[in-house]
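The next block holds one structure in the form of structure tokens; read it before the comments.
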Amino acid sequence: MSDRYEDSLLYRIRHSAAHVMAQAVLEFYPDTKYTIGPPVENGFYYDFEFSQPVVAEDLEKIEKRMRQIVAGQHKFEKKVISADEARQVFKDQPYKLELIDGLEKGGLDEYGNPLKEKPEISIYQHDKFTDLCRGPHVDTTKQINPSAFKLMSIAGAYWRGDEKNKMLTRIYGTAWEKPDELKNYLQMLEEAKKRDHRKLGKELEIFFFDDEVGPGLPLWMPNGTIIADELENLAKEMEANAGYQRVRTPNLTKEDLFLRSGHLPYYAESMYPPMELEGVKYYVKPMNCPMHHKIFGARPRSYRELPIRLAEYGTCYRYEKSGELFGLMRVRSMQMNDAHIYCSEEQFESEFMGVVGLYKKYFELFGIEKYVMRLSLHGKAGLGKKYVDNERLWIKTEDMVRRAMTNGNVPFVEVEDEAAFYGPKIDVQIWSAIGREFTLATNQVDFAVPERFDLKFVNKDGQEEIPLCIHRAPLSTHERMIGFLIEHYAGAFPVWLAPEQVRVIPITDGQNDYAAQLAAQLREAGVRVSADLGAERMNAKIRGAQLFKVPYMLVIGPNEAAAGVVSLRMRDGFQLNNMPVAEFMARVQEKISTRSSQL
RNA sequence: GCCGACGUAGCUCAAUCGGCAGAGCACCCGCCUUGUAAGCGGGCGGUUACGAGUUCGAUUCUCGUCGUCGGCUCCA
């Protein structure tokens, strides 16, 4: 038995639940046009075109009716029919007719993607409901547990996922084999909400957005700035060790540069509109690469210098559409852990895998385990539009990346039509707390732009050669990385990243002097520390420190002050009483300098 | 950008049918002198996102704008 989701009982339950939902919906709204309703991760959805507005409050009655239908223990019966018979069955259903046409003529699947073989056309029937469907389904509705599914939300979705098409109404549901699994899933969603970076970011005073500043333009508060600075220090250290050189470039450039780079022809949609002064157009940069290319091209280069690795934590601006913004994970101003590696074709594999190695070091340091490396390929239809129009070079560089990853024994998946406009890339996909997928790090090959910039180096034989360029951002942008890390750690950052590492808590104001002196001593040693000298009870102060997820609390009363020691309470509740100051100092410094994940 | 929902104090949330806008926390001022997640009292804080409209009267109803959220599209 295969362990593919598509072959599982759960998949069939969800697929069947989608049909049951469609039946209930059609009973309530008989002139609804129904489209497709597949299983997805954790559940299913079905897309409808309603003739009247259907809102979230309506889900309850639909769900109730679904339970009645399920209780009827109806059989799911498959029938293979001809296209013409199918047209007869669905004569009043325009979307189904379009699907039938796709299946028959173009060999298109339900999403509009081409199929290799012409599929058979089948319908599934249960109770009084018939759907065009290739299955599979459960045998009877008896297998759908009425206490293990729930309708979740209502949303808009384009027919066939194309924004040029009509917007349909999508109803999402979740379904499981057993009621307990549903309960666990709902509980998990609640937990996820608690670690949502938008909530924690505000609570922990890391960042915020202001209406007058603008959507997608985060303001970093002191706590967030510490985290960003620490990440930057980490990157600089790692990149220095890996032979990178640092550069700095302006945030603004003339139109000419982005015409040459190809950003204006291929990327203008994501760029802020130009500002014009004295008849010259200037653009805010959406990427740093064109400037780095200029630095590479500033003087003749020899093969002896290669690879040249230029790094910059560059600030870029991209005009993301308003509905696409999402907390820190999708913003309009961002600081990228950017670098461009210029190398020869022979050097490509080791350079590319060097970057992959860097990723892995970072992921190990942060304890990031749930991620997928994705080889993002071009899409044939996008050549000349989304992608540089040179299919031969696309295929060649895609092969180079594939070979490098395979040789390096790094598992990856391949996805078409996800490349950058200038070349294929390895994207590292991660998931936000609420389950949304994002590209965190990226490692891209550029076979097109160096030529446009007339970049070259002189090889051993005295001939001019065009270098390859690798664009890479293993630590992503500060925005997405920190958004991700907030959720990854649920706000409880390791000591080296924690905005406040130690909080000194005197029990009575008789220890305020000792507390202040301790804090000064720690601060002197480079530790981020504060002393809570307020008038509250010690209990309230501890609570305050816990809520801010400060890793170490030093509780000091008359005894500690007299003995010149500290009582250490850690964020996880663990206590070590009467610790000599020097011992605590050594502990903190060790955790910081090794970037330990332990307290 | 598109579909839908939402927007009340710094934060979390109340306010019946359209009838004087409220609580807790935070903040400030006192009192208490405290042993590992909230001591007590008082005070400050609002153009109910913004702009129109309906009404004797709008937080409440209607329209528009802005923003946020759930998705779609798109992406580091």
Side-chain angles (χ1 to χ4, degrees), chain A residues 45 47 49-50 53-57 152-172 196 198-199 202-203 205 208-212 214-216 267 269-270 286-287 316 318-332 334-338 376 386 418 420 425 427-430 434 436-442 444 471-481 483-484 505-512 534-547 553-560 567-571 573-575 577:
Chain A
Y45 67 79
D47 286 347
E49 187 191 324
F50 289 111
V54 171
V55 295
E57 287 76 56
M152 301 296 283
S153 61
I154 199 154
Y158 298 108
W159 167 235
R160 289 196 150 158
D162 188 334
E163 63 181 331
K164 289 184 202 77
N165 287 343
K166 185 157 187 149
M167 180 145 275
L168 307 167
T169 303
R170 174 171 299 179
I171 300 178
Y172 279 99
D196 189 318
R198 293 166 298 181
K199 180 176 152 69
K202 202 190 297 179
E203 287 172 6
E205 297 180 8
F208 69 104
F209 293 95
D210 180 273
D211 284 0
E212 258 176 307
Y267 201 75
E269 221 183 45
S270 299
M287 295 186 195
C316 296
R318 296 182 186 174
Y319 196 84
E320 306 290 351
K321 292 183 204 160
S322 54
E324 295 167 349
L325 300 173
F326 180 77
L328 277 185
M329 302 295 268
R330 191 74 182 277
V331 291
R332 286 178 175 163
M334 67 206 83
Q335 300 158 66
M336 300 180 65
N337 171 224
D338 211 358
S376 298
K386 274 168 79 177
E418 292 285 350
K425 53 181 181 166
D427 289 326
V428 182
Q429 301 303 107
I430 50 98
I434 62 164
R436 202 177 290 193
E437 181 179 349
F438 288 94
T439 298
L440 189 70
T442 188
Q444 319 179 339
H471 305 233
R472 41 111 281 176
L475 283 180
S476 192
T477 60
H478 278 325
E479 288 71 19
R480 192 168 284 181
M481 190 71 201
F484 175 78
I505 298 176
I507 291 176
T508 77
D509 52 15
Q511 292 83 54
N512 279 3
E536 297 86 19
R537 292 282 181 286
M538 171 208 61
N539 287 299
K541 291 180 184 180
I542 287 174
R543 181 176 149 84
Q546 288 286 158
L547 289 176
M553 285 154 265
L554 298 183
V555 178
I556 52 172
N559 302 337
E560 285 83 357
S567 284
L568 170 63
R569 176 195 165 101
M570 293 189 268
R571 169 171 74 192
F574 194 76
Q575 287 180 41
N577 291 335

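This is a predicted model, so every value here is computed, not measured. Every chain is numbered from 1 and lettered A, B, ... according to where its sequence line falls, protein lines coming before strand lines. Computation of the quantities below employed the complete heavy-atom set of this structure, encompassing side-chain atoms and omitting hydrogens, waters and symmetry-equivalent molecules.
A:P53 comes within 4.0 angstrom of nothing in the nucleic acid, heavy atoms only. Looking at heavy-atom distances under 4.0 Å, A:R330 makes contact with a base. Among the protein residues, A:N577 comes within range of the nucleic acid bases, having at least one heavy atom under 4.0 Å from a base atom. A:K202 comes within contact range of the sugar-phosphate backbone alone, with a heavy-atom separation under 4.0 Å but no base atom that close. Nucleic acid contact for A:K199: none, since no nucleic acid atom lies under 4.0 Å from a heavy atom of the residue. Counting any heavy atom pair closer than 4.0 Å across all strands shown, A:F326 reaches sugar-phosphate atoms only and no base atom. When heavy atoms are screened at a 4.0 angstrom cut-off, A:D427 is found touching no nucleic acid atom at all.
With the 3.5 Å cutoff on both pairing distances, Watson-Crick and G-U pairs in RNA chain B assemble into runs of at least 3 at B:1-7 with B:66-72, B:10-13 with B:22-25, B:27-31 with B:39-43, B:49-53 with B:61-65.
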List every contact pair, protein side and nucleotides 37-42 of chain B side both N or O, where the distance is under 3.5 Å.
from	atom 1	to	atom 2	distance (Å)
B:A37	N7	A:R569	NH2	3.4
B:A37	N6	A:Q546	NE2	3.1
B:A38	N9	A:R543	NE	3.3
B:A38	N7	A:R543	NE	3.2
B:A38	N7	A:R543	NH1	3.1
B:A38	N7	A:R543	NH2	3.4
B:A38	N6	A:R543	NH2	2.4
B:A38	N1	A:R543	NH2	2.9

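When each of B:A76, B:C3, B:G35 is scored by its nearest atom to the side-chain atoms of A:S567, the top-ranked nucleotide is B:G35.
Between B:U60 and B:U8, the two P atoms lie 13 Å apart (nearest whole Å).
In this model, no side-chain donor or acceptor of A:Q575 finds a partner on the base of B:G35 within 3.5 Å.
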